[in-house]
Amino acid sequence: MVGEKTEWESPLYQMVVRQFNKAVERMKLDPGIVERLRYPQRSLIVTFPVKMDNGQVEIFEGYRVQHTLSMPTKGGIRYHQEVTLGEITALAMLMTWKCALIGLPFSGAKGGVRCNPEQLSMAELERLTRRYTAEITSMIGPDSDIPAPDISTNEQVMAWMMDTYSQQKGHAVPEVVTGKPVSIGGSLGRYEATGRGVVYVITEAAKLLGMNLNGARAVIQGFGNVGSITAKQLAKMGCKVIAVSDIKGGLYNPKGLDVKDLINYVKQNQFLKGYPQAEPITHEELFELPCDILVPAALSNQITEKNALKINCRLLAEGADGPSTLEADQILRDKGVLILPDILCNAGGVIVSYFEWVQDLQNYFWTLKQINNRLRRILTRAFRNVYERSHREKTNMRMAALMIGIGRVVEAKRVRGLYP
Ligand code: GLU
């Protein structure tokens, strides 16, 4: 029997389970299957040594969690100081609902290494990635579990993972990871996919609200892959991106920031700090700015009962995984904010990852136009399904999205039956 105190306990896990409980409360599902889905099916904890540039050896802790194995699993690899088994488990669970909601042939997984990537040199990052990959090789594979980028991992990290895995197999296996460089079987448009997807979902929501994106004020927390591309795409649509932030702080310009210029500035200076055409602001101030669209695109647990009351937007588009707590959700909804939940809003990344995997398996590559059109079609359909379900069940978009995702996973489990 699974005890009350489990190894994967964490605040994020608790939040994800509470969301899950709330969603299943109103569905008539097999209780045995529902109970099973509260827990991770398979988890691997590894510790491994990495030789640092100063000649000393440091030991790191890494994880790979497969939430449920009714389908091959899929999900990113995160490098961050706060990575724990509990956090990775929660994120793997969210990946399950995300893939099912979108209709991808995957269940959820997630992995990560607890480290401070800012303090690692390129050489250290490569050694850490290669050794971590070697340690989780038994768990991953092109038809079992396919990693991808997440916070602080990128195309280069995926290339090292692909190379390490391929060295062990004795031949190139590009389809073992997605989010690779195009030169080794990556997909066009994968780098931009999550941010692009966020904007496709915002576009559908704006239609619903009768909001004109041209001139709409947007605020974005986070300026990594998701935040920067979302900002760029929103600016392209005519939005005024009035504030952005990264771990060191935020920038504000009521006339709108020049996002392309900012991206170039960050390429040269690593952080937003010091950018001349804007005022510096704190993270707290950023969340309180009156705006039309607010996009949390950084870590989880950013919008809580502490700051939700001060948030002043019409649309909250969750680029990050788990950025808002259930309490914050309620406060914002009471204020009339439309929340586009993470598993819908940030699904663009895993959708194009799926495209990449399919292209690798077929050795037949698509054009950028085909990729973006298919991405848009899938996300628009998912948005409409979620909206219709929320309307039908008289519930909010998050619950509707979870109900669709969970319902599909439960059906897959039901039809496969129980072994033995
Ligand atoms: N890390 C991204 C996510 O959480 C992408 C996962 C993938 O592409 O497999 O959705």
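Note that ligands are numbered from 1 as they come in the structure, with each ligand's atoms numbered from 1 the same way.
Per-residue contacts place Gly349 under 4.0 angstrom from the following atoms of ligand 1 (heavy atoms of the residue considered): 8 (O). Close contacts between ligand 1 and Asp321 involve ligand atoms 4 (O) [criterion: under 4.0 Å to a heavy atom]. Close approach to Ala148 involves these atoms of ligand 1, each under 4.0 Å from a residue heavy atom: 6 (C), 7 (C), 8 (O), 9 (O). The contact set between ligand 1 and Met95, taken as ligand atoms under 4.0 Å from a residue heavy atom, comprises 3 (C), 4 (O), 6 (C), 10 (O). Atoms of ligand 1 found under 4.0 Å from any heavy atom of Gly75 (numbered from 1 in listed order, with element): 9 (O). Each of the following atoms of ligand 1 lies closer than 4.0 Å to a heavy atom of Lys74: 7 (C), 9 (O).
Only one option out of Thr133, Val113, Val157 pairs with Leu128 in a side-chain contact (heavy atoms from CB on, under 4.5 Å); it is Val113. Screening Arg42, Lys74, Arg64 for a salt bridge (Lys or Arg N to Asp or Glu O under 4.0 Å) with Asp145, the sole residue that qualifies is Arg64.
Two residues are said to be in side-chain contact when any heavy atoms from C-beta on lie closer than 4.5 Å; Lys413 and Arg36 meet this criterion.
Heavy-atom distances between Arg78 and ligand 1 stay at or above 4.0 Å for every pair. Ligand 1 has Pro149 within reach: a non-hydrogen atom of the residue lies less than 4.0 Å from it.
Defined by atom type and a distance below 3.5 Å, a donor-acceptor pair is missing between the side-chain atoms of Asn312 and Lys335. When only modelled atom types and interatomic distance are considered, Glu25 and Asn21 share no side-chain donor-acceptor pair under 3.5 Å.
Of the protein's non-hydrogen atoms, the one nearest atom 10 (O) of ligand 1 is Lys98 NZ, 2.7 Å. Scanning all protein heavy atoms for the shortest distance to atom 8 (O) of ligand 1 gives Ser353 OG, 2.5 Å. For atom 4 (O) of ligand 1, the nearest non-hydrogen atom of the protein is Lys110 NZ, 2.9 Å.
Between the side chain of Gln302 and the main chain of Ser300, a donor-acceptor pair closer than 3.5 Å is present.
Of all the listed residues (Asn225, Asp150, Ile146), Asp150 holds the heavy atom that lies closest to atom 1 (N) of ligand 1.
Salt-bridge formation is not detected for the pair Asp30/Arg414: no Lys NZ or Arg NE/NH1/NH2 atom is positioned less than 4.0 Å from an Asp or Glu carboxylate oxygen. We find that Arg78 and Glu87 are joined by a salt bridge, their nearest charged nitrogen and carboxylate oxygen being less than 4.0 Å apart.
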| request: Could you walk me through whether Lys180 and Glu356 pass salt bridge (charged side-chain N to carboxylate O under 4.0 Å, His left out), step by step? | output: CA-CA 9 Å; Lys180 301 175 292 291; Glu356 179 171 330; 2.7 Å; yes
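Backbone and side-chain nitrogen or oxygen atoms of Arg190 are examined, and one is located within less than 3.5 angstrom of a nitrogen or oxygen of ligand 1.
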